[in-house]
Amino acid sequence: MIDSLSQQEEEIPIILLRESLLKWWEVNGRHSIPWKKNCLGKTPASGELLDPYPIWIAEVMLQQTQFNVVLPFWNQWMNTFPSLDSLISSNEEEVLYVWQGLGYYSRGRRIYQAAIALKENQKVWPLTLEGWTELPGIGRTTAGSILSSAFDLPFPILDGNVKRLISRLIAFPKSPVKHVAKFWKLSEYLLDKKRPRDFNQALMDLGSFVCKPVKPSCNICPWKSYCIAYSNSKPILYPMKSVSKKKKISVVGIGIVTNDKGQILIDQRLNDGAFGGLWEFPGGKQKSGEKIEFTIAREIKEEIGIIVSVGEHLITLQHTYGQKKVHLIVHFCSIVKGEPKPLSSQQLRWVGVNDLKDYPFPAANERINSALIHKYAKR
DNA sequence: AAGACGGGGTT
DNA sequence: AACCCAGTCTT
């Protein structure tokens, strides 16, 4: 049972670790976080309750975004939506407007969805892990942060900082990603149950100021004398990475459906999901054993509800985005039967080749568009 | 170009 | 439960 604590780990000196960390934090931690002040603008006493609303907003903003980036957006947010009630009486569009520039817009959308859910729950703030995690956009780490920050309740956290700290502390020889259960147990085990708010913040501060991913400042680390990676080895080796899997190539068949006016059929993707709201030519992923012409016909039947015959090849291109490689194989098609319907997109449109430039396409499609323009110019 | 990252979705 | 994903930033 690798995910439970070994005897050796149960002997790690938690009392000394807690004491030394909190002592370090009192001098060197971040103590000017606006959402961690009470209504008098003071640092709260142990056990004192804080308003969860500003903390919730901050913690969601802090997902994959650094503190100094978040701060101005949080200020703007609190000016625009100072309370849960003001957020509820607003709408998604205004929320996204305030979110503009912060990235990961689904976070903003989920905050709004969660606000609506809270309203239906009589606007009572949850006091349990499940109560928070069932809200959109809140996983276990964010829930633990909110519960410990707002109510000083003893819930652990496990973000990248904590995974790195623990990996180094015990010189864990594998990727934490594969052993999250064990890391959750260790985070809970380490947590000072008498001062969860301060302790979790101290963990984060230690991770961002001292136990950094590169160039950790071990010489000033309060855990220097307890850290196995420091004493034995090189801290920089941890956390271990999981063996990188090679990115898989997917093959996508795309149809240029034309009508007798020489127009081309394009569709607008749904707003949520990949390339939300952008326009594309109909098509989709090739299934194993499928001929690409069949893929195109099948996808167009599923997405547009028409039967097409797949004709001349236009272009094949490769594109890499994120972790994925795609091969796009593009064929002309003509309608054999049926009336186009937007079965899995927002809308369809017949457009002339010269009007394609007026519609936003995913980057990979630009080369298809220029191939089309080229082709039509020669006719 | 490739990896890290927290929540969520899928299998 | 074990993966995989989208989107953004860092290396």
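In the text below, chain A, chain B and the rest are named by the order of the sequence lines, each starting its count at 1.
Among Val353(A), Ile264(A), Leu265(A), the single residue meeting the side chain to side chain contact (heavy atoms under 4.5 Å, CB included) criterion with Thr258(A) is Ile264(A).
If you measure from atom CG of Leu129(A) to atom C1' of dG7(B), you get 14 Å, rounded to the nearest angstrom. As a whole-Å value, the separation of Asn68(A) CG from dC9(C) C1' is 13 Å. Between the CD atom of Glu59(A) and the P atom of dG7(B) there is a distance of 10 Å, given to the nearest Å. Remark: C1' of dC9(C) and CG of Leu62(A) are 15 Å apart, rounded to the nearest angstrom. Put simply, CZ on Arg269(A) is 9 Å from P on dG7(C), counting in whole angstrom units. Between Tyr104(A) atom OH and dG7(B) atom P the separation is 12 Å, expressed in whole Å. If you take NZ of Lys182(A) and P of dA1(C), they are 17 Å apart, rounded to a whole angstrom. Rounded to an integer number of Å, the gap from Gln64(A) CD to dG7(C) P is 13 Å.
Scored by the ring pair (Phe, Tyr, Trp, His ring centres under 6.0 Å) test, Phe67(A) finds Trp35(A) as partners (sequence neighbours excluded).
For Arg269(A) and Trp279(A), the positive end is not near the middle of the six-membered ring at less than 6.0 Å and at most 45° from its axis.
Pairs passing the side-chain hydrogen bond (donor to acceptor under 3.5 Å, both in side chains) check and including a residue from residues 209-220 of chain A, sequence neighbours excluded, read Lys212(A)-Ser217(A).
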Please enumerate all protein N or O atoms sitting under 3.5 Å from an N or O of nucleotides 8-11 of chain B, with distances to 0.1 Å.
| residue | atom | partner | partner atom | Å |
| --- | --- | --- | --- | --- |
| dG8(B) | OP1 | Gly137(A) | N | 2.0 |
| dG8(B) | OP1 | Ile138(A) | N | 3.3 |
| dG8(B) | OP2 | Ile138(A) | O | 3.4 |

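If you check dG3(B), dG6(B), dG7(C) against the side chain of Lys241(A), the one that comes closest is dG3(B). When each of dG7(B), dT10(C), dC5(B) is scored by its nearest atom to the side-chain atoms of Gln66(A), the top-ranked nucleotide is dT10(C).
The pair Glu312(A)-Lys375(A) counts as a salt bridge, with a side-chain nitrogen and a carboxylate oxygen less than 4.0 angstrom apart.
Using cut-offs of 30° and 60° on the angle between ring planes, the pair Phe172(A) and His179(A) is perpendicular.
Counting any heavy atom pair closer than 4.0 Å across all strands shown, Thr142(A) reaches sugar-phosphate atoms only and no base atom. Heavy atoms of Gln63(A) sit under 4.0 angstrom from primed sugar atoms or phosphate atoms, though from no base atom.
With contacts defined as side-chain heavy-atom distances shorter than 4.5 Å, the pair Met204(A)/Ile157(A) qualifies.
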